[in-house]
Structures are given as structure tokens and as C-alpha cells.
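The figures that follow rest on heavy atoms only: side chains count, while hydrogens, waters and symmetry mates do not. This is a predicted model, so every value here is computed, not measured.
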Amino acid sequence: MSNVLALGLEVMQSIYNNQLQSLKNRFALVTAYLTVLGTAFLIPNTIATISGSGIMEGHMAEQ
């Protein structure tokens with residue numbers, strides 16, 4: 001009887017670990033997508049900030 005209960009517990013732990021690993025993989029994928037999106041928005045924003053500051057024309061914008 002205890003062997004059956006121990007095997008059942010191992011099965012439950014295995015299912016839990018598989019679900020946890022699946023969730024971790026999903027979070028890793030979301031993190032990768034958000035990193036790419038953040039970089040895609042950061043580059044044009046930086047270019048616009050530099051070109052709008054007037055430093056490319058040789059002077060800083062007046063406040």
C-alpha cells in the first residue's frame with residue numbers, strides 16, 4: 001500500500017515539475033519578446049532625442 005502511495009506521489013511531483021517548467025519556458029519567451037520590443041523602441045527614441053537636442057547642428061537647444 002505504501003508503495004502505491006509513494007508512486008502516486010512521485011507522479012504528482014512529476015506533473016507539477018512539468019507544469020512549472022512549462023510556465024518558466026513561457027516566461028522566458030515573454031521576456032525575450034519584451035526585450036526585443038524594448039530595444040526596437042529605444043533606438044528610434046535615442047536617435048530622435050539626439051537629433052532634437054540640436055547637438056547635430058553644433059549647438060544645444062535653448063530652454
Please check this pair: side chain of T39 against backbone of T35, looking for a donor-acceptor N/O pair closer than 3.5 Å. yes

Sorted by chain and number, sequence neighbours left out, side chain to side chain donor-acceptor pair (under 3.5 Å) with S14 holds for none

Side-chain donor/acceptor pairs under 3.5 Å, residues 3-13, sequence neighbours excluded:
none

I'd like to check the side chain to side chain donor-acceptor pair (under 3.5 Å) partners of Q21; sequence neighbours left out, ordered by chain and number. N25

Tell me every residue that passes side-chain contact (heavy atoms from CB on, under 4.5 Å) with L29, counting only those two or more places apart in sequence or in another chain. Y33

For Y16, the rest of its hydrophobic cluster, which grows through side-chain links under 4.5 angstrom: L20

Counterpart residues, side-chain contact (heavy atoms from CB on, under 4.5 Å), relative to T46 (two or more places apart): L42, I50

